[in-house]
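Here's the structure, in structure tokens; my notes come after.
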2 protein chains.
Amino acid sequence: MTGKKSPNGPRSDQEGTPEARRGPMREFSRSLPMSLLRAREAVMRQFRPSLRNHGLTEQQWRILRALTAVDTIEVTELARVAFLLGPSLSRILRDLEARDLIERRAAKTDLRRGEVSISSKGLKLIEAVAPTSEAIYAEITQRYGARKLAELQDMLGELERSLAAMEVAGEGDAEADE
Amino acid sequence: MTGKKSPNGPRSDQEGTPEARRGPMREFSRSLPMSLLRAREAVMRQFRPSLRNHGLTEQQWRILRALTAVDTIEVTELARVAFLLGPSLSRILRDLEARDLIERRAAKTDLRRGEVSISSKGLKLIEAVAPTSEAIYAEITQRYGARKLAELQDMLGELERSLAAMEVAGEGDAEADE
DNA sequence: GAAATTTGTTTAACATGTTAAGTTATCCGG
DNA sequence: CCGGATAACTTAACATGTTAAACAAATTTC
């Protein structure tokens with residue numbers, strides 16, 4: 001991990017298999033998805049140890065955190081707010097309920113819907129973790145710069161909006177029905 | 001998905017459990033990790049269907065993509081380039097090898113190291129997927145703006161660098177040994 | 001109002017993320 | 001040489017991501 005290895009591998013023949021090369025195809029590590037992935041990982045790396053010490057995963061934290069902002073919330077809404085897919089949320093809620101960190105009951109008007117809320121035990125846990133999380137977030141803000149951080153989030157938001165309208169074309173190579 | 005639901009859930013009593021409230025604690029959905037997660041998801045949502053049509057996951061694609069840039073590469077280096085953890089890479093390589101998309105052999109000088117390279121079948125697959133991927137990337141660039149995209153990536157890179165030096169403090173609540 | 005359809009949530013199945021524990025091969029000091 | 005570090009992977013175990021299918025309650029149709 002000393003970072004001395006050749007950054008792009010030892011290549012002598014720059015063409016390799018003739019048919020493949022259609023340009024270096026964008027340096028790859030500089031692609032947008034990779035940039036976003038690395039940036040997010042750099043951020044989360046700061047938080048994970050603290051969460052772990054409290055027996056929480058990132059997603060469990062997101063759920064409890066979202067629950068502190070409301071009295072009760074329906075599962076689907078919670079999935080949207082915590083940005084989790086239904087199946088993941090379903091599993092995590094089952095575990096959190098078993099740990100008595102949340103409470104759950106069916107809605108009176110619609111028995112399909114589940115209403116979730118944080119328990120007092122869950123609240124205590126949040127209170128125990130929050131200070132450290134806030135401190136880490138504060139240091140990140142300070143290091144990167146509050147101004148720049150706000151700007152970055154604006155740009156990320158606009159990226160989202162730019163792609164929201166973009167239709168996902170599947171090209172349909174292996175499937176053509178539906 | 002029409003976006004009509006109440007954006008913050010139906011809350012009547014604004015205080016709920018008294019001990020919880022210590023400030024809204026940063027709107028949460030506007031936290032940096034969430035912003036990065038949503039942005040990346042918005043981007044990957046564009047690519048996944050195409051990859052899926054070719055029987056590839058995002059990570060498998062990253063690996064094959066990285067392999068086209070080199071003649072051969074060691075597993076550890078590949079993990080660094082494709083930004084995957086060792087265990088994930090180990091599993092994926094096993095599968096890709098079983099599908100004859102890559103080739104693998106032990107290094108002569110050090111039998112621990114594995115040298116990986118893409119197979120001709122793997123190259124053909126890459127060639128089949130690349131055009132669509134490039135087209136999608138081009139449209140993203142056009143929609144968001146090439147100038148702005150470059151700026152965003154610069155800012156993401158600087159965020160990485162800002163946090164690289166930051167020591168990960170674990171606070172040691174539940175563990176104090178080591 | 002019963003059948004068909006839709007909606008909210010959960011299960012299933014497979015792939016990856018994440019940390020810890022193995023395995024085998026090198027390296028190193030005596 | 002030999003036994004104790006190290007290093008490079010690989011396995012194991014558990015949690016989540018992702019898509020498809022199952023289920024039950026609610027809504028719509030006829």
Side-chain angles (χ1 to χ4, degrees), chain A residues 1-2 5 33 37-38 40-41 44-45 47-49 51-53 55-63 73-80 82-99 104-116 168 170 174-175 177-178, chain B residues 1-2 4-5 37-38 40-41 44-45 47-49 51-53 55-63 73-80 82-99 104-116 168 170 174-175 177-178:
Chain A
M1 285 303 164
T2 49
K5 312 207 161 186
L37 180 58
R38 282 198 307 258
R40 186 177 138 81
E41 179 54 30
M44 287 314 303
R45 189 194 320 284
F47 290 98
R48 258 189 284 270
L51 293 177
R52 198 173 194 319
N53 283 341
L56 288 177
T57 66
E58 179 196 334
Q59 293 81 358
Q60 293 167 350
W61 166 251
R62 288 218 300 271
I63 291 174
I73 189 174
E74 291 178 7
V75 174
T76 301
E77 251 295 277
L78 182 55
R80 196 181 62 76
F83 206 71
L84 291 169
L85 294 180
S88 293
L89 180 56
S90 194
R91 282 177 305 217
I92 300 175
L93 287 181
R94 169 164 46 74
D95 297 344
L96 292 179
E97 187 176 22
R99 289 162 67 181
R104 189 151 51 155
R105 55 179 149 281
K108 303 171 194 64
T109 67
D110 188 339
L111 295 183
R112 292 171 303 182
R113 300 168 190 268
E115 302 194 325
V116 186
V168 279
E175 317 234 342
D177 57 323
E178 166 84 2
Chain B
M1 285 303 163
T2 49
K4 300 185 291 200
K5 312 205 161 187
L37 181 58
R38 281 198 308 257
R40 187 177 138 80
E41 179 53 31
M44 287 315 302
R45 188 195 320 284
F47 290 98
R48 258 190 284 270
L51 293 178
R52 197 171 196 314
N53 283 341
L56 287 177
T57 65
E58 178 196 334
Q59 292 81 359
Q60 293 166 351
W61 166 252
R62 288 217 301 270
I63 291 173
I73 189 175
E74 293 178 6
V75 175
T76 301
E77 251 296 278
L78 182 56
R80 196 181 62 76
F83 207 71
L84 293 169
L85 293 180
S88 293
L89 180 55
S90 195
R91 281 178 305 217
I92 300 175
L93 288 181
R94 167 164 47 73
D95 299 343
L96 291 180
E97 187 176 22
R99 289 163 65 183
R104 189 150 51 155
R105 56 180 149 282
K108 303 171 195 63
T109 66
D110 188 339
L111 296 184
R112 292 172 304 181
R113 300 169 189 268
E115 302 194 325
V116 186
V168 279
E175 319 234 340
D177 58 322
E178 169 83 7

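Within every chain, numbering begins at 1; the chains are lettered A, B, ... in the order of the sequence lines, protein sequences first and strands thereafter.
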Among the candidates D:dT18, C:dG17, D:dA25, find the nucleotide nearest to the side-chain atoms of B:Ser88.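 Of D:dT18, C:dG17, D:dA25, C:dG17 is nearest to the side chain of B:Ser88.
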Of the listed nucleotides (C:dA25, C:dT18, D:dA25), which one gets closest to any side-chain atom of A:Glu41? C:dT18
side-chain contact (heavy atoms from CB on, under 4.5 Å) between A:Glu77 and A:Glu115: does it pass, once the steps are laid out? CA-CA 10 Å; A:Glu77 251 295 277; A:Glu115 302 194 325; over 6 Å; no
Atom [atom1] of [X] and atom [atom2] of [N]: how far apart are they, to the nearest Å?
X	N	atom1	atom2	value
A:Ile92	C:dG17	CD1	C1'	13 Å
B:Ile63	C:dG17	CD1	P	9 Å
B:Phe83	C:dT16	CZ	P	16 Å
A:Asp95	C:dT10	CG	P	12 Å
B:Arg99	C:dA15	CZ	C1'	11 Å
B:Leu84	D:dA8	CG	P	18 Å
A:Lys108	D:dA26	NZ	C1'	18 Å
B:Met44	C:dG17	CE	P	12 Å

Measure across [X] and [Y] and return the closest heavy-atom pair with its distance rounded to 0.1 Å.
X	Y	result
A:Phe83	B:Arg38	CE1-CG, 3.5 Å
B:Leu89	B:Val75	CD2-O, 3.3 Å
A:Pro33	B:Arg40	O-NH1, 3.0 Å

For B:Thr57 and C:dA15, is the shortest distance between a side-chain N/O and OP1 or OP2 below 4.0 Å? no
Side-chain N or O of A:Gln59 closer than 4.0 Å to phosphate OP1/OP2 of D:dG17: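 Yes, within the criterion.
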Please report the C-alpha distance between B:Glu58 and B:Trp61 in whole Å, then the side-chain angles of each, then the deciding distance to 0.1 Å, and finally whether the side-chain contact (heavy atoms from CB on, under 4.5 Å) criterion is met. CA-CA 5 Å; B:Glu58 178 196 334; B:Trp61 166 252; 5.8 Å; no
Have a look at A:Gln60 and say if it touches a base, only the backbone sugar-phosphate, or nothing, with a 4.0 Å heavy-atom cut-off. sugar-phosphate
Between B:Leu93 and B:Leu78, does a side-chain contact (heavy atoms from CB on, under 4.5 Å) hold up when you go through it step by step? CA-CA 10 Å; B:Leu93 288 181; B:Leu78 182 56; 4.1 Å; yes
List, with names and distances, any nitrogen or oxygen atoms from the protein found under 3.5 Å away from nitrogen or oxygen atoms belonging to nucleotides 9-11 of chain D.
unit_1 : atom_1 : unit_2   : atom_2 : d
D:dC9  : OP1    : B:Gly114 : N      : 2.5
D:dC9  : OP2    : B:Thr76  : N      : 3.2
D:dC9  : OP2    : B:Thr76  : OG1    : 2.6
D:dT10 : OP1    : B:Arg104 : NH1    : 2.9
D:dT10 : OP2    : B:Ser90  : OG     : 3.0
D:dT10 : O5'    : B:Ser90  : OG     : 3.3

Nearest 0.5 Å, what's the CG-CD distance between B:Leu85 and A:Glu41?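 Those atoms lie 7.5 Å apart.
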